[in-house]
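Note sheet for the following structure.
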Amino acid sequence: MSILGPSGGGKTTLLNIILGITDATGGQKQRVALARTLEKDGGKWRYTSPTHVVLAFHRALDEMRAEGGIPARSARYAANNRMLIARMRALGFGTFLKDHQGPIITTFTYPEGVSFDFADMYAFIKERGYAIYPGKLTDEETFRLGNIGEIYPDDIRRVTELFAMYMAERGLLGPCAGTTDIAAAIEAMDEASAAL
C-alpha cells in the first residue's frame, strides 16, 4: 500500500488508525493544528498554500462520506477484487498470492502452457480504455490489475470481457478457457462472479 500526500497531510495518522494505534477523529486533530498555524501566522500556510491539494482532499473525503465512509469503500474494493479474481480464473488466469490477497491490487499469473505477449495484451486493453500493469516483484511472469478508485462491477465486467476478446483474437481463448466462443467465455465469467 502507498500513501502519498504533502507534509502534515495526515499520512502517519492514517497509518496509526489503520494499525489501531490511535482512534479516528474525523480529522479533528489536523483541523485544530491547521487552524492554530493559520491563526499564528496571520492566515498563512507555513509554505506555499497547497490549495489544489486541500480542495482535492476535501472533495475525496466528501465522496467517501457519500459512499458510506471507509467501511463502505473498503467493502466495494473487496467486492471488486473477488469479482475480478472469479472472472479471471474463468479465463484460466491464476493469482500469484494464494493466501492473504488484499483488495488494492491483484497480481495474476498467466494460464499454464500458453505464451502471452504482455506488450501486445497491454496495448489491446489500453486502446479500449483500461490499463493493466506488468508484474514487477516476482521472477514469475505476472501482470497486475488495480481494484480501487472509481471502479465498479461494470468496469470489472468490461475489462474481463476485453481479456476474453484479446484471447479470442490471438487464438488463446480455447486453450485457456476451454472454449473458443467469446459468448460462452463471458457466460462462464458471469456464472463465476454470480456464485460469489
Side-chain angles (χ1 to χ4, degrees), residues 1-4 11 14-15 18-20 64 67-68 70-196:
M1 168 166 55
S2 296
I3 301 172
L4 302 174
K11 299 178 298 290
L14 177 60
L15 289 173
I18 291 169
L19 294 172
M64 185 174 63
E67 187 173 348
I70 292 173
R73 179 77 51 95
S74 179
R76 178 167 58 86
Y77 292 168
N80 283 347
N81 179 253
R82 288 189 302 273
M83 182 180 187
L84 179 65
I85 290 171
R87 294 178 72 83
M88 292 297 282
R89 283 187 175 148
L91 293 176
F93 294 95
T95 54
F96 180 73
L97 294 176
K98 305 306 179 214
D99 299 314
H100 310 294
Q101 173 63 55
I104 305 299
I105 194 161
T106 308
T107 301
F108 288 97
T109 57
Y110 294 99
E112 290 186 31
V114 181
S115 180
F116 276 76
D117 178 345
F118 176 80
D120 182 51
M121 184 169 67
Y122 173 88
F124 182 93
I125 292 170
K126 180 72 172 167
E127 288 169 4
R128 290 154 181 84
Y130 290 86
I132 62 175
Y133 307 95
K136 292 185 173 188
L137 303 176
T138 70
D139 292 331
E140 195 170 339
E141 288 293 319
T142 61
F143 64 95
R144 301 170 297 145
L145 291 171
N147 307 303
I148 64 168
E150 287 296 309
I151 298 174
Y152 299 92
D154 285 343
D155 298 301
I156 302 294
R157 277 188 282 280
R158 181 67 184 138
V159 76
T160 53
E161 288 171 4
L162 291 174
F163 273 96
M165 291 168 51
Y166 170 80
M167 294 165 73
E169 287 187 19
R170 303 305 188 270
L172 302 169
L173 192 58
C176 297
T179 182
T180 58
D181 181 40
I182 293 176
I186 291 171
E187 183 177 339
M189 288 191 292
D190 290 343
E191 289 173 3
S193 57
L196 296 174

Practice task
Sequence neighbours left out, what passes side-chain hydrogen bond (donor to acceptor under 3.5 Å, both in side chains) with Arg170? Give chain and number order.
Solution key: Asp120

Exercise for the section: Measure centre to centre between the rings of Phe108 and Phe163, then say whether the value is under 6.0 Å. Expected result: no

Problem - Ring centroid separation Phe143 to Phe93 under 6.0 Å - result: yes

Exercise for the section: Quick one: which residue pairs count as a side-chain hydrogen bond (donor to acceptor under 3.5 Å, both in side chains) with a foot in residues 90-99, not counting sequence neighbours? Expected result: Arg89-Thr95

Exercise for the section: Kindly state each residue pair satisfying side-chain hydrogen bond (donor to acceptor under 3.5 Å, both in side chains) with at least one member in residues 122-132, sequence neighbours excluded. Expected result: Tyr130-Asp155

Heavy-atom pair of closest approach, residues [X] and [Y]:
X: Ala192; Y: Ala86; result: CB-O, 3.6 Å
X: Met64; Y: Ile70; result: SD-CG1, 3.7 Å
X: Ser193; Y: Arg87; result: OG-NH1, 3.3 Å
X: Ile151; Y: Gly146; result: CD1-O, 3.6 Å
X: Ala131; Y: Leu145; result: O-CD2, 4.2 Å
X: Gly102; Y: Asn81; result: O-ND2, 3.6 Å

Any donor-acceptor N/O pair, [X] side chain to [Y] backbone, under 3.5 Å:
X: Thr160; Y: Ile156; value: yes
X: Arg157; Y: Tyr152; value: no
X: Thr109; Y: Gly94; value: yes

[atom1]-[atom2] distance between [X] and [Y], expressed to the nearest 0.5 angstrom:
X: Met121; Y: Ile132; atom1: CE; atom2: CD1; value: 4.0 Å
X: Tyr166; Y: Leu173; atom1: OH; atom2: CG; value: 12.5 Å
X: Met189; Y: Met83; atom1: CE; atom2: CE; value: 9.5 Å
X: Tyr110; Y: Asp117; atom1: OH; atom2: CG; value: 8.5 Å
X: Met167; Y: Phe116; atom1: CE; atom2: CZ; value: 4.0 Å
X: Ile186; Y: Leu91; atom1: CD1; atom2: CG; value: 9.0 Å

Exercise for the section: Side-chain contact test, heavy atoms from C-beta onward, threshold under 4.5 Å: evaluate it for Ile148 versus Ile105 and give yes or no. Expected result: no

Exercise for the section: Could you tell me whether the side chain of Phe124 reaches within less than 4.5 Å of the side chain of Met165, counting heavy atoms only? Expected result: yes

Handout entry: Flag if over 12 foreign heavy atoms under 6.0 Å of CD, Glu67
Key = yes

Problem - Tyr133 atom OH, over 12 foreign heavy atoms within 6.0 Å - result: no

Fill in the blank from the handout: Exactly one of Asn80, Asn147, Leu97 clears side-chain contact (heavy atoms from CB on, under 4.5 Å) with Thr106, and that residue is Asn147

